[in-house]
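The sequence lines fix the lettering, A, B, ..., with proteins before strands; numbering per chain opens at 1.
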Protein chains: 2
Amino acid sequence: MGVRTLTDGVVRRTPLSRDRVLRAAVDLADVVGIEALSMRRLAQELGVVPMALYKHVANKDELVDGMVDVVLGEIEPADPTPDWQAAVRRRLLSAREAVLRHPWARKAIESRTRRTPMVLGYMDSLAGMFRAGGFSADLTHHVMHALGNRMWGFSPELFEEARDPDAPPPAVEEQEAMAAEFGRRFPHILEIATVATQGDLSGVGGGCDEQFEFEFALDVLLDGFERLRVQGWTSRR
Amino acid sequence: MGVRTLTDGVVRRTPLSRDRVLRAAVDLADVVGIEALSMRRLAQELGVVPMALYKHVANKDELVDGMVDVVLGEIEPADPTPDWQAAVRRRLLSAREAVLRHPWARKAIESRTRRTPMVLGYMDSLAGMFRAGGFSADLTHHVMHALGNRMWGFSPELFEEARDPDAPPPAVEEQEAMAAEFGRRFPHILEIATVATQGDLSGVGGGCDEQFEFEFALDVLLDGFERLRVQGWTSRR
DNA sequence: GTTGACAGGCGTACACCGTACACCTAACGT
DNA sequence: ACGTTAGGTGTACGGTGTACGCCTGTCAAC
């Protein structure tokens with residue numbers, strides 16, 4: 001025991017803290033992905049026994065909640081602008097940047113159900129931007145719902161690339177046969193993919209410019225919102 | 001062993017099949033929720049050993065894919081209408097009904113990454129409705145992305161009710177104190193909730209009419225789409 | 001100083017999960 | 001009559017989250 005005391009006196013770990021745990025979790029998830037993030041793995045990364053984490057985090061769900069809060073903390077604060085549309089747009093693109101820095105954040109946000117103060121704070125400030133832009137509380141409410149997950153800076157990936165990266169590209173003839181069969185069954189999707197990739201079908205679905213899609217949808221929504229606002233839209237009740 | 005043969009001859013289970021497995025999984029998930037659905041539990045429900053399932057389903061992911069396909073099979077097929085907007089609207093509301101019948105479907109669809117033929121078929125037919133309505137392949141592409149998960153008939157729940165149902169309602173004074181604190185930190189959300197619930201704050205967030213929110217957002221999008229269509233919108237490339 | 005509370009890290013243990021692998025058997029085409 | 005095979009069985013492995021009790025270093029109060 002004396003020995004332990006001695007070495008303890010020399011090398012002392014910086015003690016854990018909720019903050020250190022969350023940061024480590026974020027860093028780990030950035031590297032290995034959210035599905036490979038386990039309490040055990042995280043503990044190992046921190047040079048600590050798994051149960052030690054539970055002194056700082058109630059359970060894994062709360063850990064993920066905290067991780068989301070960390071990401072949200074990276075979003076630039078709202079800046080006051082007379083043009084609500086530009087302001088909201090800028091804010092959401094900033095949120096998008098934060099989310100894109102952490103590939104796991106999308107899934108984490110989608111799966112979360114608890115609304116932490118951080119989450120509420122963000123939503124509140126966003127709602128405030130609409131209010132300041134002249135939206136009624138009523139309209140603001142529905143507009144927030146209409147934004148949905150896009151208020152976190154992402155839209156669902158319709159064609160998430162499930163391509164196995166180290167699988168060899170299939171033979172040309174086989175590829176053509178599959179394309180033919182595909183085109184017979186799903187002609188419109190083929191057509192869309194052809195247009196989107198300018199004819200290069202070698203990675204159907206992987207060729208979507210997600211940033212463009214996000215801004216496209218966002219602008220459709222914001223324009224629609226503005227139209228409703230100027231015409232004094234109100235839910236009849 | 002003779003005994004076994006004898007009883008086997010008398011009571012013979014109807015054999016498993018991929019279809020029976022999927023249906024049982026859907027029914028089970030309807031009752032216990034998707035997170036309580038395990039291969040073991042499902043096998044038990046079917047009166048079979050867990051590994052037996054793997055003769056009909058490659059793994060759990062594929063099982064869930066199949067379950068989603070079952071739900072998608074409940075969506076009413078497209079009906080040809082000159083009015084693309086009404087047709088799409090009707091279709092998505094039908095999809096919504098199917099998804100609402102299976103509370104787990106939302107999460108399952110969100111988490112799925114593989115696009116089964118059934119999924120592709122649905123997306124293809126939806127894209128076809130836009131094409132038939134006069135949308136260019138280009139615009140159809142982006143419009144599908146903009147729909148996002150709403151094409152499956154649901155939008156993200158911003159305020160999923162995390163309320164513990166058997167927790168006793170807090171004392172009135174305590175509730176008021178919390179409301180006061182809440183209002184100080186999140187004034188706009190409080191405001192919105194007040195409007196949405198007509199002053200009854202006894203279940204903030206739980207009072208949203210999801211159906212209304214879905215249709216509201218959908219209409220904003222569809223109207224925006226129509227506007228882009230008539231003005232001949234095209235992505236400059 | 002001594003002591004006692006306590007915050008925080010440790011170790012063990014449990015129940016559950018998905019699924020690889022070997023086996024056994026009933027049904028069927030030849 | 002017989003080999004093949006589809007489909008259900010049993011066992012086992014490595015992983016998960018986390019409940020519970022212990023042990024120790026720190027620090028406030030006496």
Can you tell me how far [atom2] of [N] sits from [atom1] of [X], to the nearest Å?
| X | N | atom1 | atom2 | answer |
| --- | --- | --- | --- | --- |
| B:L53 | C:dC17 | CG | P | 13 Å |
| A:L42 | C:dG9 | CG | P | 13 Å |
| A:Q44 | D:dT16 | CD | C1' | 15 Å |
| B:Y54 | C:dA20 | OH | P | 7 Å |
| B:R20 | D:dG7 | CZ | P | 13 Å |

- Do B:H142 and A:F212 make the cut of ring centroids closer than 6.0 angstrom? yes

What donor-acceptor contacts under 3.5 angstrom involve side-chain atoms of residues 26-41 of chain A, with partners at least two apart or in another chain?
| unit_1 | atom_1 | unit_2 | atom_2 | d |
| --- | --- | --- | --- | --- |
| A:D30 | OD1 | A:H102 | ND1 | 2.8 |
| A:D30 | OD1 | A:W104 | NE1 | 2.6 |
| A:D30 | OD2 | A:H102 | ND1 | 3.0 |
| A:S38 | OG | A:R41 | N | 3.0 |

Candidates [options] - which lies nearest the side chain of [X]:
| X | options | answer |
| --- | --- | --- |
| A:V48 | D:dG17, C:dG9, D:dG8 | C:dG9 |
| B:M51 | D:dG8, C:dT12, C:dA20 | C:dA20 |
| A:M39 | C:dT19, D:dT18, C:dG9 | D:dT18 |

- Message: Once salt bridge (charged side-chain N to carboxylate O under 4.0 Å, His left out) is applied, do any residues pair with B:R185, and if so which ones, sequence neighbours excluded?
- Response: none

- Message: Taking donor-acceptor contacts at under 3.5 Å, does the side chain of B:R40 reach the base of C:dG18?
- Response: yes

- For a side-chain contact (heavy atoms from CB on, under 4.5 Å) with A:H141, tell me which candidate from B:E191, B:H188, B:E213 qualifies. B:E213

- Message: So if I take residues 25-35 of chain B and measure heavy-atom distances to DNA chain D, which residues fall below 4.0 Å?
- Response: none

- Query: Contacts to DNA chain D from residues 56-71 of chain A, heavy-atom cutoff under 4.0 Å, which residues?
  - Reply: A:N59, A:K60

- Query: Judged by atom type as modelled, is there a donor-acceptor pair below 3.5 Å linking the side chain of A:R91 to the main-chain atoms of A:E76?
  - Reply: yes

- Walking DNA chain D from its 5' end, the first of A:K55 and B:P50 to be reached, judged by nearest nucleotide, is B:P50

- Query: Partners of A:F214 by ring pair (Phe, Tyr, Trp, His ring centres under 6.0 Å), sequence neighbours excluded?
  - Reply: none

- Query: Can you name the ring pair (Phe, Tyr, Trp, His ring centres under 6.0 Å) partners of A:F186, sequence neighbours left out?
  - Reply: A:F182

- Compute whether any side-chain donor of one residue and acceptor of the other, for B:D69 and B:T116, lie under 3.5 angstrom apart. yes

- Item | Any side-chain heavy-atom pair of A:I109 and A:V119 under 4.5 Å | no

